[in-house]
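Everything quoted here is computed from the prediction, not taken from an experiment.
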Amino acid sequence: MTSLHHLSAFADRAMRAAMPTPRYAVSLIDRRTGRPHRISDIPLRLITCEPFETARDLMRDRDPALWDTAIHRLDRKGALQ
């Protein structure tokens, strides 16, 4: 591998570190209760950089009259904004 390849890879990593990809928390919401779906009393929340694809996957094979998704952007420390 030439030094140009290494420089390109380094620049790509440095750019991603300087401008991190936004992260989102996606929850599955039970429309009957208005609360997040829970598994073993722990709310189901997925952390992702692609919130709309994750929400679509969560809704696959679910009745939209009973289920919804909530998308919240996370700050740099991982807290909901």
Exercise. Under the salt bridge (charged side-chain N to carboxylate O under 4.0 Å, His left out) rule, what pairs show up with a residue in residues 62-75, not counting sequence neighbours?
Worked result: Arg31-Asp68
Problem set entry | side chain to side chain contact (heavy atoms under 4.5 Å, CB included) between Met59 and Leu28, worked out | CA-CA 8 Å; Met59 289 298 293; Leu28 184 64; 4.1 Å; yes
Exercise. Do you know which two heavy atoms are closest between Arg23 and Arg76, and how far apart they sit?
Worked result: NH2-O, 3.6 Å
Problem set entry | Side chain proximity check, Thr69 to Ile29, heavy atoms < 4.5 angstrom | no
Exercise. Quick one: side-chain contact (heavy atoms from CB on, under 4.5 Å) partners of Arg32, sequence neighbours excluded?
Worked result: Asp30, Leu66, Trp67
Problem set entry | Sidechain-backbone polar pair: Thr33 side chain, Arg35 backbone, donor-acceptor under 3.5 Å | yes
Listing, residues 42-50 side-chain donor-acceptor contacts under 3.5 Å, not counting sequence neighbours, or none:
{"unit_1": "Thr48", "atom_1": "OG1", "unit_2": "Glu50", "atom_2": "N", "d": "2.9"}
{"unit_1": "Thr48", "atom_1": "OG1", "unit_2": "Thr54", "atom_2": "OG1", "d": "3.2"}

Seminar exercise, completed: Of all heavy-atom pairs linking Ile71 and Ala55, the shortest is CD1-CB, 4.3 Å
